[in-house]
Amino acid sequence: MELNLSLDEAESLHALLEDLLEKEEVDQGLERSYRLLGWRILAARGGTGLTGRIAVLAREADTLEEYEEARDLELGPVLDGLESAENRDP
């Protein structure tokens, strides 16, 4: 099945799904749809800096799982640095 949405429509739907996921316990299918939509929005949007790099990973990935793995490899060192005790406020 294929779904065609404008970027604005996709972002609105993504925000609604996020609200629903935060408020209620829902099935894994809805959560996967949320992640899938987020991946495709990022691939369509692009950006600069780290966001741009992640957008490139999103465009290069053939599957959601491939994208998430590449994103985690890319962001892992950044997140580790941000979570480091050395970088926390006293």
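Computed from a predicted model, the values in this text were never measured in an experiment.
Note that the CD atom of Glu9 and the CG atom of Asn4 stand 10.0 Å from one another [nearest 0.5 Å]. Between the CD atom in Glu68 and the CG atom in Leu36 there is a gap of 9.0 Å [rounded to 0.5 Å]. To the nearest 0.5 angstrom, Thr63 atom OG1 is 8.5 Å from Glu69 atom CD. Here Leu21 contributes atom CG and Leu17 contributes atom CG; the two are 6.5 Å apart, rounded to the nearest 0.5 Å.
Taken together through direct or relayed side-chain contacts under 4.5 Å among Ile, Leu, Val, Met, Phe, Trp and Tyr, Tyr67 and Val56 form parts of separate hydrophobic clusters. Hydrophobic cluster membership differs between Leu50 and Leu73, with clusters built from Ile, Leu, Val, Met, Phe, Trp and Tyr side chains linked at under 4.5 angstrom.
Taking Glu18 as the reference, Tyr34 meet the side chain to side chain donor-acceptor pair (under 3.5 Å) condition, with sequence neighbours excluded. Glu66 pairs by the side chain to side chain donor-acceptor pair (under 3.5 Å) definition with nothing, not counting sequence neighbours.
Between Arg32 and Leu64 the shortest heavy-atom distance is NH1-CD2, 3.2 Å. Among all heavy-atom pairs drawn from Leu37 and His14, the shortest one is CD2-N, 3.6 Å. Nearest approach of Leu42 to Ala55, heavy atoms of both residues: O-CB, 3.6 Å.
Side-chain atoms of Asp8 and Glu11, non-hydrogen and from C-beta on, do get closer than 4.5 Å to each other. Counting only heavy atoms from C-beta outward, the side chains of Glu74 and Arg71 never approach each other to under 4.5 Å.
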Tell me, with the steps shown, if Glu60 and Leu57 meet side-chain contact (heavy atoms from CB on, under 4.5 Å). CA-CA 5 Å; Glu60 291 175 348; Leu57 296 175; 4.3 Å; yes

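Heavy-atom contacts from other residues, nucleotides or ligands closer than 6.0 Å to CD of Glu65 number more than 12.
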